[in-house]
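What you see below is based on every heavy atom in this structure, not just the backbone, and it leaves out hydrogens, waters and symmetry mates. Because the structure is a prediction, the values reported are computed rather than measured.
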Amino acid sequence: MLRSRTALGGMVTAPHHLAAEAGRDILREGGNAVEAMIAAAATIAVVYPHMNAIGGDGFWLIAEPGKDPVAIRACGGAANLATPDFYREQGKAAIPARGPLAALTVAGAIGGWIKAAEVAASIGGKIPHSRLMRDAVHHGKAGVPVTKSQVALTTTKMAELESSPGYVDTYAANGIPAIGDVLKQPALAATLEHLGRVGFDDFYRGDIARTNARGLEAVGSPLRLADFEAYHAKIMTPLSVKLSAGTVFNMVPPTQGVASLMILGLFDRLGLSGATLDGYDHVHGLIEATKRAFLKRDAHVGDPTRMSIDPMSLLSDEMLDHEAARIDMKTALPWPHVAKPGDTIWMGAVDANGVAVSYIQSIFWEFGSGVVVPETGVLWQNRGASFTLHDGPNQLGPGRLPFHTLNPALAKLNDGSVLTYGTMGGEGQPQTQSAVFTRNVIYGQDLQEAVSAPRWLLGKTWGEDTTTLKLENRFDPALIEQLKSASHTVEVVGSYEDMMGHAGGIRLKPNGVMEGATDPRADGSVAAL
């Protein structure tokens, strides 16, 4: 099995090698990890369009040496016209998952780039925006070979996407592409080049904003220019939980970051540090912690202005002790519950000065709403499809923030290490994070091995509708039988399944050595100096 790549000068990991290389090149030119991540974010939006776009949202954790991380919440709210009555008047009993009516929230990702650039400048960043966009612009103009996962998703999702304005013209103009076909996106390249020249704010209060707003309105989206002009991403204090191994940080609501932290906090209280790596106690303990965390998440997490509790109360010693005591290490809690789908990319970066970044960029489902504004080439997310039209913490309303599965993670460990890690995969994100963290931090497994090792997935997620406990077939057959005997409803799947997410991580050791990992389930790489 491959082991982690190591370096001293800087490192970027991404689910597509061109994005990792774009970020690495910024580090090579003297940029910091935040600037590298902006370049990688622009590039991944071009080369991996089925997983993310600049018409989506983003969430950042940025950690400087000796300081707690800062978070950037870059998720857009619902359009002013987006109300339950608006959809009922359209004859809809629920918000459509595809098409113009699904394109109902402002895209926050570039707003996050704006705030990230401010952070980058505060720590000495000087790379011009035009340089940060250069690789993405090049790949949009010259084209990029279509990946296996893009072909697979174009094939399986064509029936539900082909009627979305601009989709076929952009991604399947000559029919469903084959692996290695060249995808050119000249309009998107021109948009990124324009933003690099005049500034990212133009996406919300300039020519690009006006063009996107005009194009979306023309096809029936409720978004208008005023929605763009009012949008700003926010720098915030992330959620955190103290574990016996250190402190782990994650995103605030409306993301499920609190669930990721709860899983680790609950597992820490089970006293299983001496358990066998990937043995019954390890896997069953994390699965049962996941169930407890998801029940709390679903009961409480939504738009933070509509939540009835402080999310940090879910991470209190009292709450974690109470929930951990309810975990039965011999028998599985009956499942399922209503699961949260999602689609995204995660990327990480660390520079030679020890600045670490954990970043997620998403369009919700694969190819989002499917709507592409032809003049700008921007593919629009369908994040607003996660709203409900009935009362509750996630009810649709003007300016409200929808629930997000996105949650980049970062840990400051007691040995002086910093671990930036994360994954795509909707509801699988907290589960994969817990697998990678415990394998690497608690049980001492090499980071690349921890990412590559077989994974499990409880319930529905990206690309799957069944609610079973899915296990990749590389797990020990004896473990599978033990889990079945404990009343888990087990489904054995393939060796390296997309549904398990595309994870990655970088661990910065106290001596300056960086260990990086990328997921064999994706098309990515670790690029380093």
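- Judged by distance alone, with hydrogens and angles left aside, the side-chain atoms of K470 form a donor-acceptor pair with the main-chain N or O of G459 at under 3.5 Å.
- Of the options Q448, E449, R507, Q445, a side-chain hydrogen bond (donor to acceptor under 3.5 Å, both in side chains) to N440 is made by R507 and by none of the others.
- Between R326 and D321 there is no salt bridge, since no side-chain nitrogen of the basic residue lies less than 4.0 Å from a carboxylate oxygen of the acidic one.
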Using the salt bridge (Lys or Arg N to Asp or Glu O under 4.0 Å) rule, take R455 and E472 through it: C-alpha gap first, then chi angles, then the decisive distance, then the call.
CA-CA 6 Å; R455 293 208 287 264; E472 288 184 326; 5.8 Å; no
Using the ring pair (Phe, Tyr, Trp, His ring centres under 6.0 Å) rule, take Y359 and F59 through it: C-alpha gap first, then chi angles, then the decisive distance, then the call.
CA-CA 6 Å; Y359 180 59; F59 295 92; 8.8 Å; no
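- S362 and N52 share no donor-acceptor pair across their side chains, judged by distance under 3.5 Å alone.
- In this structure, K242 does not pair ionically with D317, as no charged nitrogen and carboxylate oxygen lie closer than 4.0 Å.
- The line from OG1 of T290 to CD1 of I287 is 7.5 Å long, rounded to the nearest 0.5 Å.
- Side chain to side chain, E515 and S4 fail the donor-acceptor criterion of an N or O pair below 3.5 Å.
- Judged purely by distance below 3.5 Å, without hydrogens or angles, the side chains of W346 and S358 pair a donor atom with an acceptor atom.
- Scanning all heavy atoms of the two residues, the minimum distance from I54 to A107 falls at O-CB, 3.7 Å.
- The backbone N or O of V258 sits nowhere less than 3.5 Å from a side-chain atom of R297 that would complete a donor-acceptor pair.
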Assess whether side-chain hydrogen bond (donor to acceptor under 3.5 Å, both in side chains) is satisfied between N407 and T255, documenting all intermediate values.
CA-CA 6 Å; N407 63 118; T255 80; over 6 Å; no
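- Under the 4.0 Å criterion applied to side-chain N and carboxylate O atoms, R521 and E497 are not assigned as salt-bridge partners.
- Side-chain atoms of H17 and E21 form a donor-acceptor pair, as typed in the model, at a separation below 3.5 Å.
- Below 30°, between 30° and 60°, or above 60°: for F294 and W335 the angle between ring planes is between 30° and 60°, a tilted geometry.
- A donor-acceptor pair under 3.5 Å is formed between the side chain of D351 and the backbone N or O of G354.
- When only modelled atom types and interatomic distance are considered, Q361 and D57 share no side-chain donor-acceptor pair under 3.5 Å.
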Quick one, T423 with Q431, criterion side-chain contact (heavy atoms from CB on, under 4.5 Å). Give me CA distance, side-chain angles, the key distance, then yes/no.
CA-CA 10 Å; T423 181; Q431 302 180 59; over 6 Å; no
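- Note: Y171 and Y167 have tilted aromatic rings, judged against thresholds of 30 and 60 degrees for the angle between ring planes.
- Relative to the six-membered ring of Y496, R474 meets both conditions, a distance below 6.0 Å and an angle of at most 45° to the axis.
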Please determine whether side-chain contact (heavy atoms from CB on, under 4.5 Å) holds for the pair L483 and V283, giving the CA-CA distance in whole Å, both sets of side-chain angles, and the decisive distance to 0.1 Å.
CA-CA 9 Å; L483 292 168; V283 176; 4.2 Å; yes
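- Side chains of H50 and S149: a donor-acceptor N/O pair is present below 3.5 angstrom, by distance only.
- Ring orientation note: the planes of H16 and Y48 are nearly perpendicular, at an angle over 60° on the 30°/60° scale.
- Defined by atom type and a distance below 3.5 Å, a donor-acceptor pair is missing between the side-chain atoms of Q381 and S369.
- For the 3.5 Å distance criterion, the side chains of S495 and N473 qualify, holding a donor opposite an acceptor.
- Here the CZ atom belonging to R439 is positioned 12.0 Å from the CD1 atom belonging to I442, to the nearest 0.5 angstrom.
- Of the charged side-chain nitrogens involved, none lies within less than 4.0 Å of a carboxylate oxygen, so that K148 and D523 do not count as a salt-bridged pair.
- Using cut-offs of 30° and 60° for the angle between ring planes, the H282 and W456 rings count as perpendicular.
- Using a 4.0 Å cut-off between charged side-chain N and carboxylate O, R98 and E160 make a salt bridge.
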